[in-house]
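Take a look at the structure below.
Counting begins at 1 with the first residue of the sequence.
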Amino acid sequence: MVTPSTPTLADVEGRLDMPLREAMETQRAVRRLLPDPVDDAIVLRCLELATKAPTGSNVQSWEFVVVKDPRVKERLARQYRRVWSVYGRVGRWVVARRRDERSKRILAAVEWQVDHFVEVPVVVVACLRGGPLPLSRVAPVARSSFYGSIYPSVQNLLLAARAVGLGAGLVTLPLWSTIAARRILGLPWSVTPCCVVPLGWPRGRYGPVTRRPVGAVTHLDRYGNRPWSHG
C-alpha cells in the first residue's frame with residue numbers, strides 16, 4: 001500500500017533528466033532492497049521507457065508481468081531457492097578457493113536476495129510473445145536473435161530505475177523452469193518468460209563501478225589482436 005511518505009512519480013520524474021553518462025557509469029545490480037512500496041506510476045513510467053528500446057523487425061513483442069502479490073512472489077521464490085541450492089553451493093566453493101573478497105560480497109548479496117525475494121515490493125518478469133525457432137537447436141544464433149528483442153528493453157528499464165533511484169538487477173534463476181513459470185504467472189504457451197527484474201528502493205547506494213579496461217576486452221579484426229590494450 002502506498003503511504004504519504006512513499007515517493008510519487010512527481011517526486012522522481014525530474015531525476016529522469018540524469019545525464020546518460022552518469023546513469024551508465026553508476027548503474028550496478030542492486031540486490032538488497034527495502035520492502036517499502038513503490039508507486040505504480042513510477043513502475044509504469046520505467047516500463048514506458050523500456051518500450052522505447054529497439055526490437056527485432058520492430059515487432060515490439062515484449063510483455064511485462066508486474067508481480068506484487070506475495071503469494072505469486074513466494075511461488076517464484078520457491079523456484080529461485082531450489083536452483084540456488086545448487087548454484088549457491090558451487091559459488092561458495094569457487095569463492096572459497098579464490099579467496100576473492102569482491103566475489104564473496106556479490107555472493108552474499110545474491111543469497112540475501114534469494115532469502116528476501118518475497119519482501120521485494122515489485123518483481124517485473126520480462127517476456128516475449130512467441131518462442132525461439134526450432135532452428136535454434138542447430139543454429140544457436142537463432143535463439144540469440146529471439147532474445148535480442150527483450151534485452152535492450154530490459155536495459156532501458158534498468159537505466160530508468162537507476163535514474164529515479166530504484167534498486168534493480170537482472171536475474172534469471174527464478175525462471176529455471178519455464179513450465180513452472182508459465183503456470184505461476186498464467187502465461188500462455190505463446191508467451192516466453194525471459195528474465196526477472198526485482199525493483200525497490202535500495203538499502204545501499206549507487207556509485208561508480210569497477211570494470212576491466214576497454215582495451216583489454218576489445219579486439220581488432222580478429223580475436224586476440226588487441227592494439228588498444230595498453231592505451
Side-chain angles (χ1 to χ4, degrees), residues 2 5-9 11-50 53 64-68 70 73-74 76-77 79-81 83-84 87-88 91-92 95 100-126 150-175 193-212:
V2 177
S5 61
T6 302
T8 65
L9 178 59
D11 295 326
V12 303
E13 177 77 28
R15 299 179 189 175
L16 289 171
D17 293 329
M18 173 184 287
L20 178 60
R21 175 177 173 177
E22 180 182 352
M24 295 172 70
E25 289 186 341
T26 60
Q27 179 197 11
R28 63 173 67 194
V30 178
R31 300 179 177 89
R32 291 185 172 94
L33 305 173
L34 294 168
D36 303 12
V38 178
D39 189 346
D40 288 350
I42 296 177
V43 176
L44 291 175
R45 183 70 174 107
C46 290
L47 288 174
E48 179 185 21
L49 293 171
F64 300 96
V65 181
V66 178
V67 180
K68 299 172 64 177
K73 285 188 286 186
E74 173 54 40
L76 288 172
Q79 304 300 315
Y80 202 173
R81 290 192 297 268
V83 70
W84 182 250
Y87 273 75
R92 285 187 290 272
V95 168
D100 180 356
E101 287 301 315
R102 180 172 175 273
S103 296
K104 186 177 180 180
R105 289 194 298 271
I106 293 174
L107 185 69
V110 176
E111 289 185 324
W112 188 96
Q113 185 180 73
V114 173
D115 293 338
H116 297 82
F117 194 77
V118 178
E119 300 168 23
V120 173
V122 178
V123 174
V124 175
V125 183
I150 192 65
Y151 286 113
S153 67
V154 172
Q155 175 65 353
N156 271 18
L157 173 59
L158 295 174
L159 286 172
R162 165 64 191 99
V164 300
L166 286 172
L170 186 158
V171 296
T172 57
L173 295 186
L175 306 178
C194 299
C195 64
V196 174
V197 179
L199 289 172
W201 302 110
R203 290 177 179 268
R205 60 182 177 82
Y206 281 103
V209 297
T210 302
R211 296 291 185 264
R212 295 172 60 191

Discussion item. I'd like to check the side chain to side chain contact (heavy atoms under 4.5 Å, CB included) partners of Asp11; sequence neighbours left out, ordered by chain and number.
Written reply: Pro7, Thr8
Worksheet entry | Over all atoms of both residues, closest heavy-atom pair of Cys46 and Val164 | SG-CG2, 4.1 Å
Item to complete: Could you tell me the separation between the CG atom of Leu33 and the CH2 atom of Trp112, rounded to the nearest 0.5 Å?
Response: 6.0 Å
Worksheet item: So which heavy atom on Val120 is nearest to which on Lys73, and how close?
Response: O-NZ, 2.6 Å
Worksheet item: Just wondering, do Leu76 and Val196 contact through their side chains at under 4.5 Å, heavy atoms?
Response: no
Discussion item. For a 4.5 angstrom cut-off between non-hydrogen side-chain atoms, does Tyr87 reach Val114?
Written reply: no
Worksheet item: Hey, does the side chain of Arg28 reach the backbone of Pro208 with a donor-acceptor pair shorter than 3.5 angstrom?
Response: yes
Item to complete: Any chance you could measure Gln79, atom CD, to Glu74, atom CD, to the nearest 0.5 Å?
Response: 10.5 Å
Worksheet item: If you take all heavy atoms of Val154 and Cys195, which pair is closest and at what distance?
Response: CG2-SG, 3.7 Å
Worksheet entry | Arg15 versus Trp201, closest heavy-atom pair with distance | NH1-CZ3, 4.4 Å
Discussion item. If you define the side chain from C-beta out and look only at heavy atoms, does anything of Val122 sit under 4.5 Å from Val66?
Written reply: yes
Discussion item. Using 0.5 Å steps for rounding, measure from the CG atom of Leu159 to the CG atom of Leu20.
Written reply: 6.5 Å
Worksheet item: Any idea which heavy atoms bring Gly167 and Pro202 closest together, and the distance?
Response: N-CD, 3.6 Å
Worksheet item: Would you call Lys68 and Val38 a side-chain contact if the rule is heavy atoms closer than 4.5 Å?
Response: no
Worksheet entry | All side chain to side chain contact (heavy atoms under 4.5 Å, CB included) counterparts of Ala161, not counting sequence neighbours | Leu166, Ala168, Leu199
Worksheet item: With sequence neighbours left out, what residues match Ala108 under side chain to side chain contact (heavy atoms under 4.5 Å, CB included)?
Response: Arg32
Worksheet entry | Considering all heavy atoms, the nearest Ser153-Phe64 contact | OG-CZ, 3.9 Å
Practice prompt. Evaluate the side-chain proximity of Tyr80 to Val118: yes if any heavy-atom separation is below 4.5 Å, no if none is.
Written response: no
Worksheet entry | Gap separating the CZ atom of Arg81 from the CG atom of Asp115, nearest 0.5 angstrom | 8.5 Å
Fill in: Any residue meeting side chain to side chain donor-acceptor pair (under 3.5 Å) with Glu25, in chain and number order, not counting sequence neighbours
Arg21
Practice prompt. For Arg45, enumerate each residue passing the side chain to side chain contact (heavy atoms under 4.5 Å, CB included) test, keeping only those at least two apart in sequence or located in another chain.
Written response: Leu9, Glu13, Leu16, Glu48, Leu49
Fill in: Contact list for residues 154-169, test side-chain hydrogen bond (donor to acceptor under 3.5 Å, both in side chains), sequence neighbours left out
Thr26-Arg162, Gln27-Gln155
